[in-house]
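Notes follow once the structure below has been shown.
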Amino acid sequence: MSSEQDWTAHLPVDGPTAFHLPEPGTLVGAWMAALIPKPDRVLIWGSVNGSSGQWVTRGEFLSRTVEIASRLVGIGLVAGDRVLLSGSSTVDLAVAHVACLRLGLVVVPTNGAYSDPELAHVVADSSPRAALVDSERWTQVLAELNSDLVLGSVVDPFPGAGGSSTLDNLLDGALPEDPAIIGYTSGTTGRPKGAVLTQSNLLAGAQSVRVAWRWTDADRLILCLPLFHMHGLGVGLHGTLLAGASTVLQPCFGPDAVLEAIDDHAATLFFGVPTMYHRLTEHKFVGRLNRLRLCVAGSAPLAADLHERLAERAGVSVLERYGMTETVMLVSNPYDGERRPGAVGIPLPGVELQLAEGDGEILVRGPSVFTGYWGLPEVTSKAFVEDLDGGRPWFRTGDLGVLGDDGYLSIVGRAKELIITGGLNVYPREVDDVLGLHPAVKDVAVAGVPSPEWGEEVVAWVVEADGQECPGVDELRDFARAHLAAYKLPRRVVIVDALPRNAMGKVARHELQLRG
Ligand code: MLC
Ligand code: AMP
């Protein structure tokens, strides 16, 4: 499918008639082109050094990235080194992220909700040289995990370490093919894998949505998504900087704060996961969403009835799009054409898409698609399929799709075993393994069951050990909490005599899902 034709077809007749993706370049190069002019324009609102929230201009932001970059050089970091970054959404975190990328360091954005073993896995796998975190407990845990790790705080990293006189030569010199981010994603097998995205992957990913959603320097985004996932980071923050726009950072999601920010900050854009929209529809002032130019949903299916409720209660036609950690954004409903409930739209500029014969797995390729999993060449090669015409290989998304005659894609299932709850991925076997350690549990399997609020909810089906009584859901959650981030824990436990298994002995999770 040719993405260029489709996007051009949806452009207004009297509006811009063409789009272009830039020649392969670097994200940092494109950011500097957008942000160096007009240094007095405001860029980011959010917490600076513990403040409750303030505006920071382009000039202040860039100066601060230079300051932090000089400190990172001062502690001995060189291009290509990994830096683990974890913190709530603040200006300081954005500064640290951009400073790292400007130096050619590879950021490992890390979810602060991870349990200690999950954090240990990321550290062992990505072998960072430094870590910037905003939690004292994590600082201690990281020091115990790796005594060579240079540890700093997100808010004011390595004070006194700056002053490199050669910094100018070190900034913004990354090449398009240089790794920029390793994003950990719950794999289809085993433990989370690090998806390596280059400067040009990230540039293409942000550029495609900038073009498709008409993102300009007049826009202002309310950004309450965490800055350790592709949605908040690769779309929300990267897109804002690329468009030379502005953003209001909120450290967590709350309907009041989002709806108040619309007027308080004259915002024009909101991006959220379906759980956020579900909670917004319950709010008496949900109609304020209508004052925004554009509301975008993604990371999980936006139920058609939620789409319709938003239209009824807020008068908003939410634009749903589809993406992945490995690919940045892939498919989007059109800005001008029909935003179809239950469909994710048409391929974004630069993205090519086809469905695999047989099961209809969505296969993609394009400039935003990642280069591979960190340190896992065999897993990487299995994640791609050869092109029958000898062209570039296609990435297997693990999602199943159907294409309408008009080219709209609908996601109809998953080839991969995955639960998506509130926009966060949970790999069921990882949860099975932990719950199975409880002495009262003989056999266990978790699956995602539909939930109006969470999209899917993690439910555990447990076979009790002989002579033992399985504890209630709270006790089982507490037991698993030491091993797993809280969002992976089951919200319900169902006791059964046996788990349904197929002829190969594999748990039939679909059957469990049907039991609900
Ligand atoms: C929090 N909890 C969750 C949860 N988030 N449980 C299940 N699923 C989730 N997503 C747990 C908390 O740990 C807590 O457990 C309990 O639920 C109550 O928390 P809460 O206060 O109600 O949750 P809240 O903090 O409001 O978080 C909900 C949320 C958040 C929806 C705002 O999960 C969120 O920001 N989701 C977005 C994630 C995201 O950015 N995904 C993009 C991935 S990138 P306890 O036991 O501690 O009380 C991607 C690519 C793409 O997918 O296409 O975008
Ligand atoms: P992640 O690995 O966290 O990046 O999650 C990527 C997965 O989220 C995709 O493979 C899809 O399964 C899912 N996803 C993202 N956006 C959508 C959407 N709009 N509709 C359905 N699933 C989505």
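Read the numbers this way: they start at 1 and go in the same order the structure lists the ligands and their atoms. Note that the coordinates shown come from a computational prediction; the quantities given were computed from them, not determined experimentally.
Between atom 32 (C) of ligand 1 and the options F253, F271, F228, the minimum heavy-atom separation is to F253. Comparing heavy-atom distances from atom 31 (C) of ligand 1 across N111, T275, L233 singles out T275 as nearest. The heavy atom nearest to atom 7 (C) of ligand 1, out of those in D474, D478, T421, V426, is found in T421. For atom 22 (N) of ligand 2, the choice among G183, P301, G345 with the nearest heavy atom turns out to be P301. Which of E456, H278, K488, R491 comes nearest to atom 3 (C) of ligand 1 through a heavy atom is settled by distance: it is R491.
When hydrogens are left out, the protein atom nearest atom 15 (O) of ligand 1 is R477 NH2, 3.7 Å; that is the closest non-hydrogen contact. Among all protein heavy atoms, the one lying closest to atom 13 (C) of ligand 2 is I420 CD1, 3.4 Å. Nearest non-hydrogen protein atom to atom 30 (C) of ligand 1 is G422 O, 4.5 Å. From the protein, the heavy atom lying nearest to atom 42 (C) of ligand 1 is S299 OG, 3.3 Å. What sits closest to atom 1 (C) of ligand 1 on the protein, heavy atoms only, is W454 CH2, 4.2 Å. For atom 13 (O) of ligand 1, the nearest non-hydrogen atom of the protein is A486 CB, 3.2 Å. Annotation: atom 17 (C) of ligand 2 to nearest protein heavy atom, A300 N, 3.6 Å.
Under a 4.0 Å criterion applied to the non-hydrogen atoms of L424, ligand 1 contributes the atoms 10 (N), 33 (O), 38 (C). Interface of M230 with ligand 1, defined as ligand atoms under 4.0 Å from a residue heavy atom, comprises 44 (S). For ligand 1 and H229, the ligand atoms under 4.0 Å from any heavy atom of the residue are 39 (C), 40 (O), 42 (C), 43 (C), 44 (S). Per-residue contacts place L225 under 4.0 angstrom from the following atoms of ligand 1 (heavy atoms of the residue considered): 40 (O). Each of the atoms 35 (O), 40 (O) of ligand 1 lies under 4.0 Å from some heavy atom of P226. Close approach to M276 involves these atoms of ligand 1, each under 4.0 Å from a residue heavy atom: 32 (C), 35 (O).
In this structure, M324 counts as a contact residue of ligand 2, since one of its heavy atoms falls inside 4.0 Å of the ligand.
A distance of 6.0 Å or more separates the ring centres of W454 and H278. The distance between the ring centers of W213 and F270 does not fall below 6.0 angstrom.
Ion pair R279/E453 flagged as a salt bridge, since at least one NZ, NE, NH1 or NH2 atom sits closer than 4.0 Å to an Asp/Glu carboxylate oxygen.
Residue contacts with ligand 1 for R279 involve side-chain atoms from C-beta outward but no N, CA, C or O (heavy atoms, distance under 4.0 Å).
T268 and D219 form a side-chain donor-acceptor contact under 3.5 Å, judged by distance and modelled atom types alone. Between the side chains of Y184 and N111, no donor N or O sits under 3.5 Å from an acceptor N or O. W45 and S246 are not linked by any side-chain donor-acceptor pair at a separation below 3.5 angstrom, with hydrogens and angles left out of the test. Side-chain contact, S115 with E118: a donor N or O sits under 3.5 Å from an acceptor N or O. Side-chain atoms of D387 and W394 form a donor-acceptor pair, as typed in the model, at a separation below 3.5 Å. For the residue pair H238 / R210, no side-chain donor-acceptor distance below 3.5 Å is found, with atom types taken as modelled.
Of the N or O atoms in Y322, none lie within a sub-3.5 Å distance of an N or O in ligand 2. Where the criterion is an N or O separation shorter than 3.5 Å, residue side chain and backbone included, K416 meets it with respect to ligand 2. The shortest N/O to N/O separation between S299 and ligand 2 falls below 3.5 Å.
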